[in-house]
Amino acid sequence: MPRAPKPLPLSTKQARQIWLHAQRLDVRAPFGEGAQAVADATAHLGYVQIDTINVIERCHHHILFSRIPSYRRADLRQAHSVDKSVFEYWTHALSYVPAADFRFFLPAMREHRREGHRWFGSVKPADTRKVMRLLRAGPLTIRDIEDDVLVEKEHLWQSRKPSKRALQLAFYTGAVTISERQGMLKTYELMNRHFGWDKLPRPASARELTAYLLDRALRSQGVVSLDSICHLDAPSKKPVARLIASRVRRGELVPVTLEGAGKQEHWASPAALEAGGEGPPPDLVHILSPFDPLIIQRKRTNLIFGYNHLFEAYVPKAKRKLGYFALPVLVGDEIVAALDLKTDRQAKKLLMQKWTWVGQGKKAAGRRELKRVIEEELDRFERFQLAE
């Protein structure tokens, strides 16, 4: 039996550069422009998280803007509703995912159809029949249904409208999809009619789904751990671990010992280790969403960047350290600040609530230049916030 390869030592700086390259945050315009850039960025990242908070622009637009400098909201609308190159479904959260990956989400849809969904156990069959009857006549928003008798919420984020709950359940079972968004108002459509399918694609097998999860993480993270591959998906860890072991034996993956990670195992492909390169230009600035793939896995971000992001929107004001909706600022390959911003759309300006220096930004040396390049990016960020 072949001996397991010795892990390759990797510094956090090397891991940062590999991860930034995998996230395409090491160059200024990696995906080009327009709706095709949206499709290509989503395909490369694997998902773009959706969120409702709009203190500044909602995170799905923000994440795309960070990788597509010329991004316009209409580009996502074109990709989603016209080209149909992306669609909405659940990853670790509600996200835009590549339409080409649809079959990898079919097993989850079938499971919800077979076993129900724990969030929508109170949906009555009559409510489902009602919304499906309405949908057969054409696309539907919740505002089109005016005869609901409101019910009590079972938790904070749940709708009081039975029809909305029924539509959400139909979404998770794959009977319907979200064909358009106006702000956060969703238009629901029958899945097959939206995509023009006579029948659904063939669902991925369990083995294919495991490979998909691993390959998606390797492509978008560069250096991976079981936790980073299976973020909020513990049941997938065992099959993913078996696949990793198989690929290590075949020389397709290299075990790495990541500085500061202790006993947590990490792996990378030989190609990712070779492509780590010089890292981004030192003056390249990204004002990131707290839901950006570089930030959303807080422990990983802390390990590799030495930055522990605090999301304080639900923290009492007196206890906040960074601010209500702080945005990490990446300059080169370091997170140097967190900016609590708010868009005043009536006054047409971006408001600075709080500026906190972190990491290398705490050092006085070079701070004037850091502030200058961040303020230049803030001007561009403000124009994006107020456009359209």
Side-chain angles (χ1 to χ4, degrees), residues 35 38-39 42 47-52 54 58-61 73-74 76-91 93-99 101-151 153-155 157-201 203:
V38 169
T42 306
Y47 68 88
V48 173
Q49 185 169 333
I50 299 169
D51 195 77
T52 60
N54 68 335
R58 292 183 175 95
C59 72
H60 38 289
H61 294 303
R73 294 156 187 82
L76 176 56
R77 196 174 308 122
Q78 174 77 25
H80 180 206
S81 301
V82 181
D83 300 343
K84 300 169 188 174
S85 56
V86 301
F87 76 106
E88 295 188 28
Y89 204 67
W90 189 266
T91 55
L94 187 62
S95 303
Y96 287 103
V97 291
D101 293 349
F102 184 88
R103 71 190 194 93
F104 296 105
F105 296 88
L106 265 171
M109 295 175 186
R110 289 188 167 186
E111 182 180 351
H112 293 315
R113 200 177 310 155
R114 184 174 62 249
E115 300 180 11
H117 193 296
R118 60 190 174 91
W119 296 344
F120 303 106
S122 62
V123 172
K124 296 177 181 177
D127 294 323
T128 297
R129 289 195 296 271
K130 171 185 172 181
V131 297
M132 295 305 292
R133 183 181 70 252
L134 292 170
L135 274 165
R136 282 191 283 274
L140 190 67
T141 75
I142 193 59
R143 292 181 186 172
D144 298 324
I145 303 173
E146 299 176 345
D147 61 347
D148 270 356
V149 177
L150 301 185
V151 298
K153 289 187 177 186
E154 294 174 5
H155 59 74
W157 292 280
Q158 193 173 63
S159 174
R160 295 183 65 208
K161 289 189 170 186
S163 293
K164 183 170 183 180
R165 296 186 190 185
L167 283 168
Q168 289 171 315
L169 178 60
F171 166 80
Y172 282 103
T173 62
V176 307
T177 191
I178 296 165
S179 61
E180 187 178 1
R181 276 182 183 262
Q182 294 292 336
M184 294 306 286
L185 178 65
K186 294 174 274 193
T187 298
Y188 292 87
E189 173 63 293
L190 297 174
M191 182 74 76
N192 283 9
R193 191 164 64 197
H194 173 70
F195 283 109
W197 292 335
D198 293 327
K199 61 181 181 178
L200 293 175

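These values consider heavy atoms only, across backbone and side chains, with no hydrogens, waters or symmetry-generated copies.
Taken to the nearest 0.5 Å, the CG atom of Asn192 stands 5.0 Å off from the CG atom of Leu200. In this structure, the separation between CG on Leu135 and CG on Leu167 is 6.0 Å, given to the nearest 0.5 Å. His61 NE2 to Arg77 CZ: the interatomic distance, rounded to the nearest 0.5 Å, is 7.5 Å. Taking CD of Gln49 as the reference point, atom NE2 of His60 lies at 10.5 Å (rounded to 0.5 Å). Interatomic distance, CE of Met132 versus OH of Tyr188, reported as 12.5 Å (0.5 Å rounding). How far NE2 of His80 is from OG of Ser179: 6.5 Å, rounded to the nearest 0.5 Å.
Side-chain contact between Lys130 and Ile145 is present, with heavy atoms from C-beta onward closer than 4.5 Å. Between Arg114 and Glu111, some side-chain heavy-atom pair lies under the 4.5 Å cut-off. A heavy-atom distance below 4.5 Å is found between the side chains of Val123 and Arg165. Side chains of Phe195 and Glu189 form no contact here, defined as non-hydrogen atoms less than 4.5 Å apart. Residues Ser163 and Ile142 have side chains in contact (heavy-atom distance under 4.5 Å, counting atoms from C-beta outward). Between Phe87 and Val97 there is a side-chain heavy-atom pair separated by less than 4.5 Å.
In this structure, the side chain of Thr173 engages the main chain of Ala170 through a donor-acceptor pair within 3.5 Å. Judged purely by atom type and a 3.5 angstrom limit, Ser95 uses its side chain to pair as donor or acceptor with the backbone of Ala93. Remark: side-chain polar atoms of Tyr89 are not paired, donor with acceptor, to backbone N or O of Thr177 under 3.5 angstrom. With hydrogens and angles ignored, the 3.5 Å screen pairs no side-chain donor or acceptor of Asp101 with any backbone N or O of Pro98.
Using bins of under 30°, 30° to 60° and over 60° for the plane-to-plane angle, the ring pair His112/Tyr172 lands in the perpendicular bin.
Pro201 approaches Trp197 most closely through the heavy-atom pair CD-CZ3, 3.6 Å. Shortest non-hydrogen contact noted between Ala35 and Asp83 is CB-OD2, 3.6 Å. Residues Thr187 and Pro139 come closest through the heavy atom pair CG2-CB, 3.7 Å. The minimum heavy-atom distance linking Thr91 with Tyr47 is given by the pair CG2-CB, 3.8 Å.
Taking the six-membered ring for Trp and the full ring otherwise, the centers of Trp90 and Phe171 sit at least 6.0 Å from each other.
Within the structure, salt bridge (Lys or Arg N to Asp or Glu O under 4.0 Å) pairs that include any residue of residues 172-187 comprise Glu88-Arg181 (at least two apart or interchain).
Surrounding CZ of Arg143 are at most 12 heavy atoms belonging to other residues, nucleotides or ligands under 6.0 Å away.
Remark: the Thr52 side chain and the Arg58 side chain contain no N/O donor-acceptor pair separated by less than 3.5 Å.
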